[in-house]
Amino acid sequence: MNVEPDLRNFCTFAFQPFNLFHMKSIAIFCGAQSGHNPVYQKAAQALGTLFAQKGVRLVYGGGKVGLMGVIADAVLAGGGEVVGVIPQSLMDMEVGHPGLTQLHVVQTMHERKALMAAESDAFVAMPGGFGTFDEFCEIVTWNQINIIQKPFALFNVNGYFNPFLQMLDHATAEGFLKPEQRANVLVSDQGEDLMNLVLQKASAVAEDWVDFKRI
């Protein structure tokens, strides 16, 4: 376990250029709850198995509970690598996963999100609550203002994100989102299709990355 008590100088790190054929890691944002419908757990397990089969490293919030724990366990069971990033406050609550390939313990949620972004080539949100919405929307915003250029997608299990997508359509119709910004949100309810969409999007991303230390 790698304990990192101080990441105040994290912004000196640069994001690295990305190539379609070198997608090593995908960050998953998902719930610390499992949801009432078992379909969510089954989807998380299937996606984790797919990660392991394709040799894609999972980067996630480091928890052992809810969908977070399900997908991490599935990747590990398939022989894949899992990197967790968790704030000390949650470690103190004993919700950290003890069996990960690597676990970074940071001090704040801001450091957590920044390190997850640096460790990942793309981002996928699964069903979850406020934390999931927050993490996903921040990544979308970072792309929008050119802090990073990394694909992001919604794993729309059981139509979970349909109301959110309707809100995005409403925001576009009302002039608060540009159509091209709305179109950047990739969506699928199938794991294999989702990964293909992310790879296709990544192939169109320029390699002229914005260095995080400039913000």
Side-chain angles (χ1 to χ4, degrees), residues 23 25-86 95 97 100 112-113 116-117 119-141 143 150-172 177 181-202:
M23 177 171 285
S25 303
I26 296 178
I28 292 288
F29 306 132
C30 62
Q33 305 295 327
S34 296
H36 297 309
N37 192 328
V39 69
Y40 300 122
Q41 294 184 59
K42 291 179 181 178
Q45 186 173 34
L47 187 61
T49 300
L50 187 62
F51 270 45
Q53 290 173 346
K54 292 188 175 295
V56 175
R57 183 179 66 162
L58 170 66
V59 178
Y60 85 121
K64 64 181 180 181
V65 296
L67 295 186
M68 297 174 71
V70 172
I71 191 169
D73 287 341
V75 176
L76 292 169
E81 295 184 9
V82 181
V83 174
V85 185
I86 191 169
V95 299
H97 197 303
L100 304 182
R112 181 197 216 180
K113 289 186 283 188
M116 287 179 67
E119 290 284 338
S120 306
D121 300 315
F123 308 88
V124 171
M126 289 189 62
F130 283 126
T132 300
F133 301 146
D134 168 62
E135 290 166 327
F136 182 75
C137 288
E138 185 154 15
I139 287 299
V140 173
T141 302
N143 274 272
K150 299 185 180 184
F152 45 88
L154 296 172
F155 191 16
N156 195 24
V157 179
N158 199 36
Y160 181 80
F161 287 109
N162 286 350
F164 178 69
L165 294 169
Q166 292 171 1
M167 184 65 231
L168 296 185
D169 291 337
H170 178 62
T172 304
L177 287 179
Q181 293 170 340
R182 170 64 181 87
N184 283 333
V185 180
L186 307 175
V187 185
S188 179
D189 61 358
Q190 301 296 319
E192 186 98 35
D193 179 58
L194 189 79
M195 294 185 72
N196 288 335
L197 287 174
V198 168
L199 286 171
Q200 291 167 11
K201 183 68 174 180

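Hydrogens, waters and symmetry mates are skipped; everything else that's a heavy atom, side chains included, is used.
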Using every non-hydrogen atom in the two residues, find where A72 and L58 come nearest and quote the distance to one decimal. CA-CD2, 3.8 Å

Heavy-atom distance under 4.5 Å between the side chains of L100 and L76, does that happen here? yes

T132 side chain reached by M126 side chain, heavy atoms, under 4.5 Å: no

Locate the shortest heavy-atom distance separating A74 from T49; write the atom from each residue and the value. CB-N, 4.0 Å

Main chain of G128, side chain of Y160: is a donor-acceptor contact present, judged purely on distance under 3.5 Å? yes

Parallel under 30°, tilted from 30 to 60°, perpendicular over 60°: which one fits the rings of F133 and F161? perpendicular

I want to check something: taking the side chain as every heavy atom from C-beta on, are L177 and L168 in contact at a cut-off of under 4.5 Å? yes

Checking side-chain contact (heavy atoms from CB on, under 4.5 Å) for the pair L165/R182: CA distance, chi angles, key distance, verdict? CA-CA 9 Å; L165 294 169; R182 170 64 181 87; 3.8 Å; yes

Is it the case that the side chain of Y60 and the backbone of G63 share a donor-acceptor pair, with hydrogens and angles ignored and the cut-off at 3.5 Å? yes

Main-chain N/O of V39 paired to N37 side chain as donor or acceptor, under 3.5 Å: yes

Between D121 and K150, does any NZ, NE, NH1 or NH2 come within less than 4.0 Å of an OD or OE carboxylate oxygen? no

Check: I71 and Q45 side chains under 4.5 Å, non-hydrogen atoms: no

I would like to know whether E192 and L50 meet side-chain contact (heavy atoms from CB on, under 4.5 Å); could you show each step before the answer? CA-CA 8 Å; E192 186 98 35; L50 187 62; 3.6 Å; yes

Relative to the ring of F123, is the ring of F29 parallel (under 30°), tilted (30 to 60°) or perpendicular (over 60°)? parallel

Under a 3.5 Å distance rule, please check whether N156 uses its side chain to pair with a backbone N or O of V187 as donor and acceptor. no

Is E138 paired with K113 through a side-chain N to carboxylate O contact shorter than 4.0 Å? yes

Do the side chains of F164 and L154 get nearer than 4.5 Å, heavy atoms only? yes

Heavy-atom side-chain contact between M195 and V198 under 4.5 Å: no

Between Y40 and P127, which heavy-atom pair has the shortest distance, and what is it? CD2-CG, 3.6 Å

Hey, does K201 have a side-chain heavy atom less than 4.5 Å from the side chain of L197? no

Please tell me if the side chains of S34 and Q41 come closer than 4.5 Å, counting only heavy atoms from C-beta onward. yes

Can you list the steps and then say if F152 with L186 is a side-chain contact (heavy atoms from CB on, under 4.5 Å)? CA-CA 6 Å; F152 45 88; L186 307 175; over 6 Å; no

Looking at every non-hydrogen atom in both residues, tell me the closest pair between V75 and G48 and how far apart they are. CG2-O, 3.3 Å

Could you check whether any side-chain N or O of D193 sits under 3.5 Å from a backbone N or O of D189, counting only pairs where one atom can act as donor and the other as acceptor? no

So does F51 get a backbone contact from the side chain of R57, meaning a donor-acceptor N/O pair under 3.5 Å? no

